[in-house]
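Nothing fancy with the numbering, it's 1 onward along the sequence. Values below: all heavy atoms of this structure, side chains included; hydrogens, waters and symmetry mates excluded.
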Amino acid sequence: MSILDRQLKLISKQETYDGPSELNDGEGLIARITSSAVITFQYRCRFNGTNLRVKIGKYPATSLKEARRKHKIMMELRESGRNPEIANTGEQDFVSLDDCVNYWLKHFVPTLKKGTQALYRSFANNYFLGTFPDRNVETIPAREWMQWLEAISKLLLGASFSENYLAYRLGNDLKI
C-alpha cells in the first residue's frame, strides 16, 4: 500500500505515535516513524551483497513527492551498479581505476627518486592503466581483482600470486 501525504500529516501532528514503525511505499521506499512521531524517509535495498538503508530526508522538510523523486534516482543508480548514497551528495560521476592511478602518478610518484618514478610509471602503463576501462572501482568484485593480480603475477614471476606468497611464507617459516 502506498504512503499518503494526508497520513503523514496526521502522524506528524501527534506528540506520540504507537502505530507501525515503518510505512512501505513500495520498491524500497519507506517512512520510518519513531515513538515521538518523527518521520524519516529511507531507501532500503541490497548493494554489493549487503543490506543498505539510505536516509532521504525528514518529513515535512522533505515532502513525500521529493522523497519519491530521490528514491527513483537511487533505484536507477543501484540498477546501474553505482552506490545509491551518491544521490544525496549530488556526485553522479564514478571513479575508475585509471582515475585512481593517474591521481597517484600525479600526486605521489613525483615525490620519489627519478629511477623509482620511471619504474612506477612504466609499471602503471603496462599493468594498471586501461585494465578496467570505464568501470566504477566500487563495483568491481573481489574475484575480478584477484584474477587480475594473478595474471600480473604470472607475467612477472612465472607463477601465480598465491603460489609466490605460499613459497615466500614456507621459506620464511623454514628460514630458508
Requested in this report: Say whether, by atom type as modelled, one donor and one acceptor occur between the side chain of Trp148 and the main chain of Tyr127 under 3.5 angstrom.
Outcome: yes

Query - For Glu22, salt bridge (Lys or Arg N to Asp or Glu O under 4.0 Å) partners two or more places apart - result: Arg32, Arg44, Arg53

Requested in this report: List for me each residue that meets side chain to side chain donor-acceptor pair (under 3.5 Å) alongside Asn125, sequence neighbours excluded, and say none if there are none.
Outcome: none

Report summary line: For Ser12, the side-chain contact (heavy atoms from CB on, under 4.5 Å) test, sequence neighbours excluded, returns Ile39, Tyr59

Query - Interatomic spacing from NZ in Lys70 to CD1 in Ile56 - rounded to 0.5 Å - result: 7.5 Å

Query raised in the report: Which distance, rounded to the nearest 0.5 Å, do you find between the CD of Gln42 and the OG1 of Thr40?
Result: 6.5 Å

**Report entry** Exam field: side chain Asp25 to backbone Ile30, donor-acceptor pair closer than 3.5 Å
**Finding:** no

Requested in this report: Report yes or no: does Trp145 contribute a side-chain atom to a donor-acceptor pair with the main-chain N or O of Ile140 at less than 3.5 Å?
Outcome: yes

**Report entry** OG1-CG distance between Thr16 and Asp18, expressed to the nearest 0.5 angstrom
**Finding:** 6.5 Å

Query - In one Ile/Leu/Val/Met/Phe/Trp/Tyr side-chain cluster, 4.5 Å: Val38, Leu10 - result: no

Requested in this report: Only counting residues at least two apart or in another chain, list the ones meeting side chain to side chain donor-acceptor pair (under 3.5 Å) with Thr62.
Outcome: none

Query raised in the report: Sequence neighbours excluded, which residues qualify as side chain to side chain donor-acceptor pair (under 3.5 Å) partners of Asn83?
Result: Glu85

Report summary line: Scanning both residues in full, the closest heavy-atom pair of Gly130 with Asp98 reads N-OD1, 2.8 Å

Anything under 3.5 Å between a donor and an acceptor, one on a side chain of residues 108-123, the other on a protein residue two or more places apart or in another chain? List them.
{"from": "Thr111", "atom 1": "OG1", "to": "Phe108", "atom 2": "O", "distance (Å)": "2.6"}
{"from": "Gln117", "atom 1": "NE2", "to": "Pro110", "atom 2": "O", "distance (Å)": "3.2"}
{"from": "Gln117", "atom 1": "NE2", "to": "Leu112", "atom 2": "O", "distance (Å)": "2.7"}
{"from": "Ser122", "atom 1": "OG", "to": "Asn126", "atom 2": "ND2", "distance (Å)": "3.4"}

Query raised in the report: Rounded to the nearest 0.5 Å, how far apart are CZ of Arg68 and NZ of Lys65?
Result: 11.0 Å

**Report entry** salt bridge (Lys or Arg N to Asp or Glu O under 4.0 Å) contacts in which one or both residues fall within residues 100-112, not counting sequence neighbours
**Finding:** none

Report task. Please identify each residue that fulfils salt bridge (Lys or Arg N to Asp or Glu O under 4.0 Å) with Arg78, with sequence neighbours left out. Result -> none

**Report entry** Which atom of Asn24 lies closest to which atom of Leu29, heavy atoms considered
**Finding:** OD1-O, 3.4 Å

Query raised in the report: About how many Å separate CD1 of Ile33 and OG of Ser21, when rounded to the nearest 0.5 Å?
Result: 8.0 Å

Query raised in the report: Short question: side chain of Asp99, backbone of Val95 - any donor-acceptor pair under 3.5 Å?
Result: no

Query raised in the report: Looking at residues at least two apart in the chain, or sitting in another chain, which of them share a side chain to side chain donor-acceptor pair (under 3.5 Å) with Asn51?
Result: Arg46

**Report entry** From Cys100 atom SG to Leu129 atom CG, the distance as rounded to the nearest 0.5 Å
**Finding:** 11.0 Å

Query raised in the report: Any idea which heavy atoms bring Ala31 and Ile3 closest together, and the distance?
Result: CB-CD1, 3.8 Å

Query - Flag, side chain of Glu150 to backbone of Gln147, donor-acceptor distance under 3.5 Å - result: no

Query - Qualifying residues under salt bridge (Lys or Arg N to Asp or Glu O under 4.0 Å), relative to Glu144, sequence neighbours excluded - result: Arg135

Report task. Check the hydrophobic clustering (I, L, V, M, F, W, Y; side-chain heavy atoms under 4.5 Å; chains of links allowed) and say if Tyr103 and Val137 are grouped together. Result -> no

Query raised in the report: For Tyr43, what residues pass the ring-ring contact (aromatic ring centres under 6.0 Å, His included) criterion, not counting sequence neighbours?
Result: His71

Report task. Step by step, work out the side-chain contact (heavy atoms from CB on, under 4.5 Å) result for Val54 and Met74. Result -> CA-CA 9 Å; Val54 183; Met74 289 179 177; 3.5 Å; yes

Report summary line: Residue set satisfying salt bridge (Lys or Arg N to Asp or Glu O under 4.0 Å) with Lys9, at least two apart, ordered chain then number -> Asp5

